[in-house]
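Okay, structure first, notes after.
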Amino acid sequence: MQWRHKDLLDVSQLSADEARHVLDTARYFREINSRPVKKVPTLKGRSVVLFFAEPSTRTKTSFDVAGKRLSADTFSLAKSGSSLSKGESLKDTALTLQAMNPDAIVLRHSVSGAAQFMAERLECSVINAGDGRHAHPTQALLDAFTLVGRWGDLKGRTVLILGDVAHSRVARSNVLLLNLLGARVRLCGPRTLLPPGVDTWEAEVFSDLGKAVRGADAVMCLRLQLERMQAGLLPDLREYSRTFGLCERHMGKAAPDALVLHPGPINRGVEIASDLADSGRSVILDQVASGVAVRMALLFLYMTRKSAE
């Protein structure tokens, strides 16, 4: 498939065939990651800027590893080490980076729409690594890759997304992609942590975890994003854990071989019981490994797009 997209802003840009093409390409790169020498010259001579204006461990490291394993030159920039901390606008920072002629910029930003703002002004590819509450397309793709690796296909499967849906860009992108690939999606959380208009989403909405988990093939726990919350949305963490914290008792109502996912970082004992996170049901570390393969696939597709035209 000839890749036609300049930027990855959200999974809504992708057709089902294109999403599957990303996953198929990632499967090839997953094999490379299992070799003794985990490096290929695919992107030698190309450069990617990792511009993370929000804290990140997994996503930033994953993109860095992905770029290096493809032999690309990667350059990291954080808000604290950039001129944004001195009052420079995002537009001027973007144009400054563009003048250095990178092949791609991977952006993480606290403001929804920041990735689109940059993409409209830059000639190089922009890959959204999470913008505010809006979208996190690479997380959704790696989650799908993890599940497809276990099941072979998502068609007919039921996936429950549990927790702080209101503040979660991961939930928004996963709802779109899971539906695109044929899965049935459920959402569950306290009413205060479900976004306005959630009833219009392509998902079945629950406020009772016992009912939501019944028959589910996978449960994706979300991190409680306390840094984005206003006071009063939760009575306290203990109450949340008692009502919405996933444990083995809940999984007894799910499908017999149901899987457990979490985008990380995990708040053990709050969003998910520690023993469940470490159990055979958990594919949380598989998600980390999938992230490298999927991001290798994305860097390859977006950074070689021009030469393929």
Side-chain angles (χ1 to χ4, degrees), residues 5 7-23 26 52 54 56 58-60 62-63 66 106-119 125-148 154 157-189 193-198 200-205 218-225 228 261-265 283-284 287-288 290-291 293-295 297-299 301-302:
H5 299 286
D7 309 296
L8 177 62
L9 307 179
D10 198 2
V11 293
S12 58
Q13 297 172 277
L14 305 178
S15 67
D17 285 344
E18 288 170 336
R20 292 189 185 97
H21 182 62
V22 172
L23 303 186
F52 278 66
E54 264 193 332
S56 171
R58 288 159 186 77
T59 304
K60 184 176 181 181
S62 182
F63 266 112
V106 178
L107 177 68
R108 161 73 62 85
H109 203 281
S110 60
V111 177
S112 297
Q116 181 173 347
F117 179 88
M118 288 189 68
S125 293
V126 174
I127 297 177
N128 185 4
D131 61 332
R133 303 181 189 182
H134 171 236
H136 198 343
T138 70
Q139 181 69 45
L141 285 162
L142 75 87
D143 291 339
F145 185 70
T146 302
L147 293 174
V148 168
L154 295 182
R157 296 287 186 168
T158 299
V159 180
L160 168 63
I161 300 176
L162 169 65
D164 185 4
V165 178
H167 301 93
S168 177
R169 54 198 173 207
V170 173
R172 285 167 170 77
S173 290
N174 262 298
V175 168
L176 292 172
L177 185 61
L178 290 169
N179 275 292
L180 184 68
L181 296 178
R184 295 184 294 266
V185 182
R186 298 175 183 172
L187 300 173
C188 180
L193 296 183
L194 294 174
V198 70
T200 65
W201 291 23
E202 200 170 352
E204 193 175 0
V205 182
V219 181
M220 181 184 301
C221 297
L222 300 173
R223 182 177 71 86
L224 277 177
Q225 300 195 38
R228 300 186 197 274
L261 302 90
H262 195 300
V283 291
I284 294 171
Q287 289 173 271
V288 178
S290 295
V294 166
R295 286 161 179 144
L298 291 170
L299 290 177
L301 290 171
Y302 284 89

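Small disclaimer: the values here were computed from a predicted structure and weren't measured.
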Side chain to side chain donor-acceptor pair (under 3.5 Å) partners of Arg295, counting only residues at least two apart: Ser62, Thr138
Excluding sequence neighbours, so at least two apart, what forms side chain to side chain donor-acceptor pair (under 3.5 Å) with Asp7? none
Could you pull out the closest heavy-atom pair between [X] and [Y], with the gap in Å?
{"X": "Ser290", "Y": "Thr146", "value": "OG-OG1, 2.9 Å"}
{"X": "Ala26", "Y": "Ala297", "value": "N-CB, 3.6 Å"}
{"X": "Ala218", "Y": "Leu261", "value": "CB-CD1, 3.9 Å"}
{"X": "Ala144", "Y": "Leu154", "value": "CB-CD1, 4.2 Å"}
{"X": "Lys60", "Y": "Ser56", "value": "N-OG, 3.2 Å"}
{"X": "Val165", "Y": "Cys188", "value": "CG2-O, 4.4 Å"}

With rounding to the nearest 0.5 Å, note down the distance linking [atom1] in [X] to [atom2] in [Y].
{"X": "Leu224", "Y": "Asp164", "atom1": "CG", "atom2": "CG", "answer": "5.5 Å"}
{"X": "Ser173", "Y": "Leu141", "atom1": "OG", "atom2": "CG", "answer": "8.5 Å"}
{"X": "Glu204", "Y": "Thr158", "atom1": "CD", "atom2": "OG1", "answer": "8.5 Å"}
{"X": "Leu176", "Y": "Leu181", "atom1": "CG", "atom2": "CG", "answer": "11.0 Å"}
{"X": "Met220", "Y": "Leu178", "atom1": "CE", "atom2": "CG", "answer": "5.5 Å"}

Taking C-beta and beyond as the side chain, do [X] and [Y] meet within less than 4.5 Å on heavy atoms?
{"X": "Leu187", "Y": "Leu162", "result": "no"}
{"X": "Met118", "Y": "His109", "result": "no"}
{"X": "Val11", "Y": "Leu180", "result": "no"}
{"X": "Gln139", "Y": "Arg169", "result": "no"}
{"X": "His136", "Y": "Asn128", "result": "no"}
{"X": "His167", "Y": "Pro195", "result": "no"}
{"X": "Leu194", "Y": "Val205", "result": "yes"}
{"X": "Phe52", "Y": "Val106", "result": "yes"}

Is the backbone of Gly113 close enough, under 3.5 Å, to the side chain of Asp131 for a donor and an acceptor to pair up by distance? yes
Is there a donor-acceptor pair closer than 3.5 Å between any side-chain N or O of Gln287 and the backbone N or O of His262? yes
What I want to check is whether the side chains of His134 and Gln116 have a donor and an acceptor closer together than 3.5 Å. no
Can a donor-acceptor pair be found between the side chains of Ser112 and Arg133 at a distance below 3.5 Å? no
In terms of side-chain geometry, is the basic nitrogen of Glu202 or Arg172 positioned less than 4.0 Å from the acidic oxygen of its partner? no
Between Thr59 and Arg108, does the side-chain contact (heavy atoms from CB on, under 4.5 Å) criterion hold? Intermediate values first, please. CA-CA 9 Å; Thr59 304; Arg108 161 73 62 85; 3.2 Å; yes
How far apart are the C-alpha atoms of Trp201 and Val185, what are their side-chain angles, what is the distance that settles it, and do they pass the side-chain contact (heavy atoms from CB on, under 4.5 Å) test? CA-CA 10 Å; Trp201 291 23; Val185 182; over 6 Å; no
Side chain to side chain contact (heavy atoms under 4.5 Å, CB included) partner of Leu142, chosen from Leu147, Val294, Val288: Val294
Please identify which of these residues, Leu301, Leu107, Leu299, meets the side chain to side chain contact (heavy atoms under 4.5 Å, CB included) condition with Ile127. Leu299
side-chain contact (heavy atoms from CB on, under 4.5 Å) between Val159 and Arg186: does it pass, once the steps are laid out? CA-CA 6 Å; Val159 180; Arg186 298 175 183 172; over 6 Å; no
Take a 6.0 Å sphere around CD of Gln13 and say whether it holds more than 12 heavy atoms from other residues, nucleotides or ligands. yes
